[in-house]
2 protein chains.
Amino acid sequence: MMLKPREKQRQRAPSKRSLQTRERILDAAEMVFSDRGFEGASIRDIAALAGVQGALVHHHGGSKEELFFTTVARRADALSQLRLDALDARKASGPLDLRSVLACFLEPFLHKVFHGGSHWRAYGRLIAHVSADMRWREISAACFDPTVEVFLQELADLLPHATRQKIGSSFVFTVSSMLSICASRWRIESLAGETETDEIIETLLDFCEAGFASIRKPGPAL
Amino acid sequence: MMLKPREKQRQRAPSKRSLQTRERILDAAEMVFSDRGFEGASIRDIAALAGVQGALVHHHGGSKEELFFTTVARRADALSQLRLDALDARKASGPLDLRSVLACFLEPFLHKVFHGGSHWRAYGRLIAHVSADMRWREISAACFDPTVEVFLQELADLLPHATRQKIGSSFVFTVSSMLSICASRWRIESLAGETETDEIIETLLDFCEAGFASIRKPGPAL
DNA sequence: GTCTATAATGAGATAGAC
DNA sequence: GTCTATCTCATTATAGAC
């Protein structure tokens with residue numbers, strides 16, 4: 001599999017119209033991929049939603065796998081920057097604690113997902129797909145792991161006696177819980193009843209903060 | 001969608017050979033569905049893995065959707081019984097606490113996934129697919145929610161001041177974290193390094209117990 | 001860059017012999 | 001109950017006109 005979106009060296013800068021088409025295609029791909037997963041999505045549906053012909057999707061997006069990668073990568077840098085900026089801002093206003101570090105990772109994402117429009121809402125579900133399927137581990141490694149490493153280091157500083165295993169595992173639990181709000185919100189509604197978004201987010205922060213704080217305790221509660 | 005595996009009233013009890021074939025087909029379906037998801041799996045691959053012809057898969061499993069439902073449902077009762085038995089046993093030996101309740105839900109599943117052979121390992125990933133896709137919410141409701149309700153009630157008894165919203169949301173976080181060990185173990189290994197299975201399970205229990213216990217505390221830490 | 005048309009493949013499902 | 005053979009449809013991808 002070729003993950004890198006192919007770099008057929010462009011002769012000319014693409015026209016403005018071309019760029020708009022490309023964005024429309026990526027918007028449509030984001031919707032369809034997030035709704036139905038990689039296999040369930042069809043190029044035809046993406047083309048129809050974008051209002052273009054199927055051949056044009058291939059022209060701008062390459063193969064289906066390349067298109068998927070490009071779709072995920074498109075917002076990844078912006079998301080990472082939001083997270084790192086939040087972390088810097090929090091650092092500037094005093095010493096960090098567990099909750100602050102987790103909030104700087106979780107809140108920029110959840111804010112975009114719930115208040116950033118339908119594109120970001122779809123992007124949240126898209127990332128849930130990526131995170132649950134080993135097939136896309138290269139995408140996770142390329143798009144998200146560098147930022148995750150920064151946060152893991154901050155957590156390690158706050159939990160000097162914790163092993164990397166415990167911190168890493170707990171972080172995956174945190175990310176899974178965060179993504180469950182995107183992909184399994186229906187399940188939350190089904191089990192917990194109608195619930196305010198902001199309340200879920202606060203519950204998530206409470207839950208994960210306490211989970212990490214429990215690493216500090218000496219041993220298993222006996 | 002017709003979720004119930006069709007009940008074409010059988011004239012005769014199926015032969016032993018027929019039942020074996022049926023099990024082989026379900027075993028194969030379990031493998032292929034869990035590996036590639038519903039859309040990514042093909043009846044042909046399932047048939048090939050089972051060593052039968054494609055037509056036979058339809059004969060025993062019905063449509064692809066019916067086959068998927070049957071595959072998930074096959075082990076669901078056994079799993080529920082393990083969980084409820086564990087809960088009864090723990091109740092018999094003294095008053096319950098948060099960790100015990102969570103352990104009775106998480107450990108039977110994780111024990112089977114990691115020590116129950118390749119079938120259960122596949123089944124774990126299969127449930128992760130079901131849990132992440134709204135399309136299968138009827139399966140979750142039919143196969144898992146009744147048992148989940150029992151555990152939610154136990155948790156509510158231990159957390160008398162908690163809202164159903166907080167308990168339900170936290171439970172979904174717990175389930176998501178549990179399933180991440182099945183579907184995203186590669187991510188844990190990537191971020192946390194090589195990690196013993198039993199250590200991950202203990203970290204999970206610590207994490208979720210602390211998460212639930214945090215509901216007791218008066219308000220957000222300010 | 002964008003379109004039409006089509007190639008090439010693989011999918012789910014079924015009919016009917018045995 | 002199991003097999004062979006086939007139907008029908010949707011898929012990704014590309015060739016080539018404009």
Worksheet item: Do NZ/NE/NH1/NH2 and the carboxylate oxygens of A:E149 and A:R164 come within less than 4.0 Å?
Response: yes

Ignoring backbone atoms, test whether [X] places a side-chain nitrogen or oxygen under 4.0 Å from the OP1 or OP2 oxygen of [N].
X     : N     : value
A:R22 : C:dG1 : no
B:S15 : D:dG1 : no
A:H60 : C:dT2 : yes

Tabulate protein N/O versus nucleotide N/O from nucleotides 4-8 of chain D, keeping only pairs under 3.5 Å, one per line.
{"unit_1": "D:dT4", "atom_1": "OP2", "unit_2": "B:Q53", "atom_2": "OE1", "d": "3.4"}
{"unit_1": "D:dT4", "atom_1": "OP2", "unit_2": "B:Q53", "atom_2": "NE2", "d": "3.3"}

Worksheet entry | Verdict with reasoning, A:S176 to B:S177, per side-chain hydrogen bond (donor to acceptor under 3.5 Å, both in side chains) | CA-CA 6 Å; A:S176 300; B:S177 300; 5.7 Å; no

Worksheet item: Across the strands shown, which category fits A:T21 at heavy-atom distances under 4.0 angstrom: base, sugar-phosphate, nothing?
Response: sugar-phosphate

Worksheet item: Which part of the nucleic acid, if any, lies within reach of B:A41 when heavy atoms closer than 4.0 Å are counted: base, sugar-phosphate only, or nothing?
Response: sugar-phosphate

Mind telling me whether [Y] and [X] have parallel, tilted or perpendicular rings, with 30° and 60° as the class edges?
X      : Y      : result
B:H115 : B:H111 : tilted
A:F38  : A:F33  : parallel
A:F207 : B:F207 : perpendicular

Worksheet item: Counting side-chain heavy atoms from CB outward, which of D:dT12, C:dT2, C:dT14 is closest to A:L56?
Response: C:dT2

Practice prompt. Check every atom of D:dA13, D:dT2, C:dG12 against the side chain of B:R17 and return the nucleotide holding the closest atom.
Written response: D:dT2

Fill in: A:S34 and A:R121 side chains, donor-acceptor separation under 3.5 Å
no

